[in-house]
Amino acid sequence: MNYVLKNIPIRTEKPRTKGYTMVMDKGLSIREVEDFVDANADFVDIVKLGWATSYVTKNLEAKIKVYRDAGIPVYFGGTLFEAFVVRDQFEDYIRVLDKYKLEFAEVSDGSISMPHDEKCTYIERLSKLVTVLSEVGSKDAAKIIPPYRWIEQMSAELQAGSWKVIGEAREGGTVGLFRDSGEVRQGLVEEILTKIPEDKIIWEAPQKMQQVWFVKLLGANVNLGNIAPHELIPLETIRLGLRGDTFDHFLGVK
Amino acid sequence: MNYVLKNIPIRTEKPRTKGYTMVMDKGLSIREVEDFVDANADFVDIVKLGWATSYVTKNLEAKIKVYRDAGIPVYFGGTLFEAFVVRDQFEDYIRVLDKYKLEFAEVSDGSISMPHDEKCTYIERLSKLVTVLSEVGSKDAAKIIPPYRWIEQMSAELQAGSWKVIGEAREGGTVGLFRDSGEVRQGLVEEILTKIPEDKIIWEAPQKMQQVWFVKLLGANVNLGNIAPHELIPLETIRLGLRGDTFDHFLGVK
Amino acid sequence: MNYVLKNIPIRTEKPRTKGYTMVMDKGLSIREVEDFVDANADFVDIVKLGWATSYVTKNLEAKIKVYRDAGIPVYFGGTLFEAFVVRDQFEDYIRVLDKYKLEFAEVSDGSISMPHDEKCTYIERLSKLVTVLSEVGSKDAAKIIPPYRWIEQMSAELQAGSWKVIGEAREGGTVGLFRDSGEVRQGLVEEILTKIPEDKIIWEAPQKMQQVWFVKLLGANVNLGNIAPHELIPLETIRLGLRGDTFDHFLGVK
């Protein structure tokens with residue numbers, strides 16, 4: 001850090017097992033990726049190329065390489081997995097992962113309907129090839145999943161081989177963990193945490209008030225995802241109690 | 001594309017006659033323009049330098065050249081035309097178009113009041129020098145234009161020489177085609193389409209839900225405008241059914 | 001300017017005493033700063049590194065130098081001052097200002113409670129070392145300060161040595177001068193202006209409608225702050241009556 005402030009919460013360092021930050025890239029150019037890693041590489045643990053944006057991304061290999069050279073693995077959003085599965089092209093999907101030498105993959109069912117044991121079979125299969133992140137929660141605001149189902153699904157997916165499970169929020173932060181207003185479904189989060197270890201969950205929290213809410217609940221080193229590239233440094237200050245929103249929260253805490 | 005997915009709608013390619021995308025640049029630096037065209041040149045057909053931003057843009061000639069060298073023509077927002085006309089400087093406006101060797105110009109009356117036949121006279125005159133885009137719809141939320149007037153004006157402007165007509169939405173997407181909430185005035189759009197050929201209209205649709213609405217109504221190759229530079233790749237995935245919002249829409253469609 | 005339009009309000013030029021624009025940088029990379037100054041250096045008078053983002057900013061010295069070389073001084077957000085004070089590290093704060101050779105500093109009490117005469121003592125002390133901007137208004141939406149208190153505090157802070165006082169709005173524009181909706185507290189602003197000279201106040205106005213409101217009230221050369229880097233050129237056009245929102249406002253005004 002650039003100067004010494006007392007009583008700042010201790011942040012984990014890369015490679016992190018907790019305090020993980022996943023960033024969503026929805027179409028940065030190569031030079032924009034260079035700019036991003038230049039300012040933020042220490043704070044970002046993994047980058048998701050949002051949904052199926054990788055399909056239309058120019059110089060995809062070169063772009064992935066910029067991230068990789070900065071120590072940041074890349075994976076493709078779960079919607080791409082679903083786009084292959086719904087077209088009966090799962091074998092092609094595996095070839096794509098291989099072609100781009102990806103070490104992570106996301107399994108989700110946010111846009112398709114799939115029996116949960118089928119989802120777990122995909123997780124099991126993919127987890128033999130790559131590290132799997134699996135996402136729970138629908139992208140459809142009308143499909144409210146009760147807490148006990150979130151827990152059942154997360155448990156089953158971790159058992160099937162998921163490295164971590166992701167709580168769904170979309171880019172805008174308005175479904176899954178959140179109400180239409182962006183407000184956190186607090187009871188849901190608290191109930192999940194009674195059964196699933198905190199370090200196995202990445203909470204998608206694209207909006208500032210959501211990030212603040214999770215940092216207040218779970219501390220500086222909560223795992224957060226779907227962070228916009230230009231919100232990384234702001235998030236880091238929220239984690240450290242150095243923005244108005246969490247300023248009081250860590251004072252007195254060693 | 002980077003890999004093969006079946007049943008993806010066929011996108012038109014440049015130079016496009018439909019499936020046109022107009023991007024609004026409201027002040028990018030030259031290097032930001034380079035980044036933008038590097039990642040997006042295939043997806044953008046024309047760039048508007050928003051309203052009168054060209055008045056205060058540094059190195060304007062060099063900036064236009066970066067776009068032009070990437071095969072993307074540039075034009076100045078209609079508010080600039082209005083700023084010249086309201087000051088009785090229309091002849092100066094023509095000299096500006098000439099100075100920057102622009103091949104397109106926009107004629108609008110979003111911020112000024114002008115008899116419609118006078119607007120058409122401007123279109124007629126300019127269409128002898130450049131390709132004219134003309135915009136229908138007020139920037140004033142209080143001025144609701146009924147559907148039959150939209151149709152009358154669009155018809156008259158096309159007849160006067162407009163290459164395409166633009167449905168107004170502002171940068172924020174809250175007037176003209178849209179309600180204050182950003183919601184599409186659906187009946188208006190449908191009525192317009194009974195009389196004006198779809199390929200003669202560019203719909204300004206800066207917000208994601210508006211883009212989704214138009215893609216669902218008119219397909220992957222709808223003409224859309226006022227797209228923010230960082231929303232181009234997301235828009236392309238919406239057009240192709242590769243984002244959650246339109247994921248189901250094209251399945252089964254060849 | 002790139003071409004001549006008649007009846008455009010006269011903008012002050014750098015170094016400005018009024019018509020001042022303060023930009024908030026919340027984490028730009030060095031190359032992004034280069035891009036920013038390339039397009040905007042004439043329009044920005046000072047840059048704030050938002051709240052305590054300077055704590056986690058990479059290559060902070062080099063970044064400050066890019067701004068400085070473009071003729072733009074930099075200062076650290078008031079939350080950083082508060083973070084040092086609340087930890088009883090004010091002397092360390094002075095050393096930080098010195099280390100980075102900053103010529104400006106902000107004194108605020110948005111996140112901490114402090115007797116107002118203590119705040120003025122800090123202003124007095126710092127004003128012997130640097131040029132002080134002091135901020136009035138809480139970041140806490142629940143703490144509504146009545147107009148007469150705003151005036152008392154602004155007067156006292158100017159007398160204690162503040163070069164200008166800043167009306168608080170946060171990055172999002174929803175507290176201090178503004179209601180939760182982002183709407184301006186009009187009566188508050190008007191009452192303040194009966195007692196405090198306009199050129200001694202910088203109004204934080206991150207949202208477009210707020211900028212428009214102040215330009216309509218106080219003209220092209222109102223002092224505005226917390227402007228996002230990509231909103232500088234748009235703001236400049238609002239100041240000049242060259243965007244729809246203020247298009248009519250200056251017509252007929254020399």
Side-chain angles (χ1 to χ4, degrees), chain A residues 1-9 11 13 19 21 23 28-44 66 70 181-182 207-212 220 227-254, chain C residues 24-35 49-64 76-80 82-89 92-100 108-113 138-141 168 170-172 174-176 228-230:
Chain A
M1 297 306 118
N2 291 316
Y3 36 80
V4 176
L5 278 163
K6 296 173 190 166
N7 280 341
I8 297 289
R11 270 290 275 146
E13 286 182 16
T21 303
V23 164
L28 298 180
S29 74
I30 290 193
R31 200 155 60 188
E32 287 169 335
V33 174
E34 289 170 2
D35 290 349
F36 171 74
V37 300
D38 176 45
N40 298 282
D42 292 351
F43 309 130
V44 56
V66 178
S181 61
Q207 297 180 8
K208 188 184 79 163
M209 70 174 191
Q210 298 165 348
Q211 297 159 15
V212 168
I227 308 301
H230 281 102
E231 295 299 330
L232 252 281
I233 284 179
L235 172 60
E236 207 59 25
T237 62
I238 288 169
R239 288 181 180 281
L240 299 177
L242 289 173
R243 189 169 190 179
D245 314 82
T246 56
F247 191 90
D248 289 341
H249 186 74
F250 296 104
L251 292 175
V253 178
K254 278 257 183 284
Chain C
M24 148 114 51
D25 169 346
K26 61 181 193 176
L28 298 180
S29 74
I30 290 194
R31 199 155 60 190
E32 287 168 336
V33 174
E34 290 171 3
D35 291 349
L49 302 189
W51 60 99
T53 53
S54 57
Y55 183 69
V56 294
T57 297
K58 299 292 135 195
N59 304 314
L60 180 56
E61 234 157 334
K63 179 170 171 171
I64 293 170
F76 295 165
T79 302
L80 185 65
E82 299 178 48
F84 275 99
V85 165
V86 81
R87 286 168 175 82
D88 209 10
Q89 289 186 257
D92 292 336
Y93 180 60
I94 290 177
R95 278 186 278 273
V96 170
L97 297 179
D98 188 55
K99 174 178 171 190
Y100 292 101
S108 60
D109 57 348
S111 297
I112 60 178
S113 284
S138 177
K139 285 188 199 303
D140 184 345
E168 165 72 11
R170 303 201 72 160
E171 190 210 345
T174 54
V175 298
H230 281 103

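In what follows, chains carry the letters A, B, and so on, assigned in the order in which the sequence lines appear, proteins first and then strands, with residues in each chain numbered from 1.
- Only the side chain of V96(C) comes within less than 4.5 Å of a heavy atom in chain A; its backbone stays farther off.
- Checked against salt bridge (charged side-chain N to carboxylate O under 4.0 Å, His left out), R87(C) has no partners two or more places apart in sequence or in another chain.
- Residues forming a ring pair (Phe, Tyr, Trp, His ring centres under 6.0 Å) with F84(C) (at least two apart in sequence, or on another chain): Y3(A), Y93(C).
- The distance from atom CD1 of I238(A) to atom CH2 of W51(C), rounded to the nearest 0.5 Å, is 7.5 Å.
- Of residues 28-37 of chain A, those residues lying under 4.5 Å from chain C by any heavy-atom pair are R31(A), E34(A), D35(A).
- When each of G77(C), G27(C), G50(C), S54(C) is checked for heavy-atom pairs under 4.5 Å with chain A, S54(C) comes out on top.
- Closest approach of L242(A) and T79(C) over heavy atoms only: O-CG2, 3.9 Å.
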Evaluate side chain to side chain contact (heavy atoms under 4.5 Å, CB included) for V4(A) paired with D92(C), printing each intermediate quantity in order. CA-CA 8 Å; V4(A) 176; D92(C) 292 336; over 6 Å; no
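- Taking CD of E236(A) as the start and OG1 of T57(C) as the end, the distance is 11.0 Å to the nearest 0.5 Å.
- In this structure, the salt bridge (charged side-chain N to carboxylate O under 4.0 Å, His left out) partners of D42(A), at least two apart in sequence or on a different chain, are K58(C).
- If you measure heavy-atom distances from K99(C) to chain A, the contacts under 4.5 Å come from the side chain alone.
- With rounding to the nearest 0.5 Å, the separation of CD1 in I233(A) from CG in D25(C) is 8.5 Å.
- Heavy-atom pairs under 4.5 Å with chain A were tallied for N59(C), L80(C), I112(C); the largest tally goes to L80(C).
- Under a 3.5 Å cut-off, the side chain of E82(C) and the backbone N or O of G244(A) do not form any donor-acceptor pair.
- A distance-only check finds a donor-acceptor pair linking the side chain of Q89(C) to the backbone of K6(A) [under 3.5 Å].
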